[in-house]
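Keep in mind that this is a model prediction, so the values were computed, not measured. Chain letters run A, B, ... following the sequence lines, proteins first, then strands; residues in each count from 1.
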There are 2 protein chains.
Amino acid sequence: MVNGNPNVKPATRKKVLEVIDRLDYRPNAVARGLASKKTTTVGVIIPDVTNAYFASLARGIDDIAMMYKYNIILTNSDENGGKEVQVLNTLMAKQVDGIIFMGNRVTPELREEFKRSKAPIVLAGSVDAEKSQPSVNIDYVAAVAEAVKNLIDHGNQKIAFVSGPMDEAINHDYRLKGYKKALKDAGLTYDEKLVFETDYTYKAGQALEPALTAAGATAAFVGDDELAAGVMNGLTDAKIDVPGDFEVITSNDTKLTELVRPKMSSITQPLYDIGAVAMRLLTKLMNNETVEENTVILPYGLMKRSSTK
Amino acid sequence: MVNGNPNVKPATRKKVLEVIDRLDYRPNAVARGLASKKTTTVGVIIPDVTNAYFASLARGIDDIAMMYKYNIILTNSDENGGKEVQVLNTLMAKQVDGIIFMGNRVTPELREEFKRSKAPIVLAGSVDAEKSQPSVNIDYVAAVAEAVKNLIDHGNQKIAFVSGPMDEAINHDYRLKGYKKALKDAGLTYDEKLVFETDYTYKAGQALEPALTAAGATAAFVGDDELAAGVMNGLTDAKIDVPGDFEVITSNDTKLTELVRPKMSSITQPLYDIGAVAMRLLTKLMNNETVEENTVILPYGLMKRSSTK
DNA sequence: CTGTTAGCGCGTTCAT
DNA sequence: ATGAACGCGCTAACAG
């Protein structure tokens, strides 16, 4: 026995241990990376892991990555442009084989960095109005239009549009368009006073109740589940019955929709799949496989629960 | 102009572009890693990013990592022992400078791998009964004892202990001990029939109502927020008033506690800080700095909201 | 102090 | 087929 036997000379013991060490030898992935110019790791830029929507995508990304023997370098960006380009650069310095980007504010500088990158980059659950990169999403305008139409069909004439920052492409260029489309299709006129731009937080939603009622709204489309939970609870706390007096429908079909009371109706998105498909697309790109379609649109749905009639 | 001028010969244009390329030259981190034996990346093993508790820790980890110029390789383990050792090995193959491990089922094999690692490993928000590794946690037994005492003080005699799998050290070796301690201190006898072992899911919690009432419990300590939301809603759906007829207190002080109605009372944990401190500790270990205390215990609290009297 | 050179541990190529 | 040599891009040790 090598371990506890005092009769073994230290020198030979050392030698034996070295051999043992050499036994469970692990190839050095860094050296291999330098020689082969492939690191089998991909970078993932996420606004905030703490956000249930993005966390779900991240889970899909990681599972598929692992399936294809890749590892994920995960970094939170807070959708901060400066941080995003900096992170991009360190990812490229680390020679990642590809990058998955989540975030809805693709600035011109960022777009430049994207182009400068030799590693393929795909957007997951995120839109760039310029469509400069491969991406995986749902058809946000159609989904929102359908959700709002549902509200209209229930007899609502004044429907609030509650969203996060309007400088995010997804809000300004997609969701708002869907909202307007539904109004137009129904012959309703668009009223800026029914548009509420705020943060993606529960508190912000909760604080919206006075404004909502002051505007005379009887229903709301909300662009984020936590935000939606906030407006719903704010309403309820003000003795406004949901859905009796006020209907709300949300966007991300996060677990949260089923935990609050009433349960929230929502646009349905294949969250995990968006991440998974984005990663799968990335593997193809990294292998220089020819891919039929660079921008894939996954199906959405409408789940009616108890926050709408 | 290099870009669009057709009068520039392709060859010279190519040359110029190469120079430009060389201008914004990025040092190759892989080569540096090979030469210096430092990769400035650390591995993070997490049960599931989708879990709000662990996601909060992960956010703290990433922020501090970034502050110290490290990047994070994040992998989901599903607390699956086999996956965990495999991931550990690929992390070591990739020459990470350190590892943060989250997960409460440290098997003997895993413990062996930990010891084999030359990179320091710290546990975050996770316990190993053997205390074989540096770690950052709160005092779970004291926290649970205090929570249960609170329930006892409200006159409850039959208090349910609802937790995830009992083969997790945190449930079996810590929370349950705290529960028993509180009972003993109050002169109540421990009854196995009041211990409910289940999954960490909303549905599992919701399904618990019949069993809970059958056991005659009038209050419950729950080891996870989502699970707690489930038992609360299950109770409410069965027309049992919370907290009037049944009190519930939960463990992780996740955002969720404030989103459900009634808002849930909870043990309070510095989630972000647990991750941040763990990462900070890891940086010290990676620098071979001498650290006073390898196992750090952060303060906890008790937040009384509306699910208790 | 600046300039040169030898590895770091692999993949890849070339000669055997 | 098997094996020796070189190079990946950088750091660290060394010499000048």
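Residues meeting the ring-ring contact (aromatic ring centres under 6.0 Å, His included) test with B:Y174, sequence neighbours left out: none.
Between A:D128 and A:F101, every side-chain heavy-atom pair lies at or beyond the 4.5 Å cut-off. Side-chain contact between A:V44 and A:T75 is absent, with no heavy-atom pair separated by less than 4.5 Å. With a 4.5 Å cut-off on side-chain heavy atoms, A:Y272 and A:D63 count as touching.
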Which donor-acceptor pairs under 3.5 Å do side chains of residues 81-90 of chain B form with protein atoms, sequence neighbours excluded?
| from | atom 1 | to | atom 2 | distance (Å) |
| --- | --- | --- | --- | --- |
| B:K83 | NZ | B:D78 | OD2 | 3.2 |

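Contact footprint of chain B on DNA chain C: nucleotides with an atom under 4.0 Å from a non-hydrogen protein atom, first to last in 5' to 3' order, C:dG7 to C:dG9.
Residue B:K38 places no side-chain N or O under 4.0 Å from the OP1 or OP2 atom of D:dT11.
To the nearest angstrom, P of D:dG7 lies 22 Å from CZ of A:R32. Separating the CG atom of B:L34 from the P atom of D:dG9 is a distance of 12 Å, rounded to the nearest angstrom.
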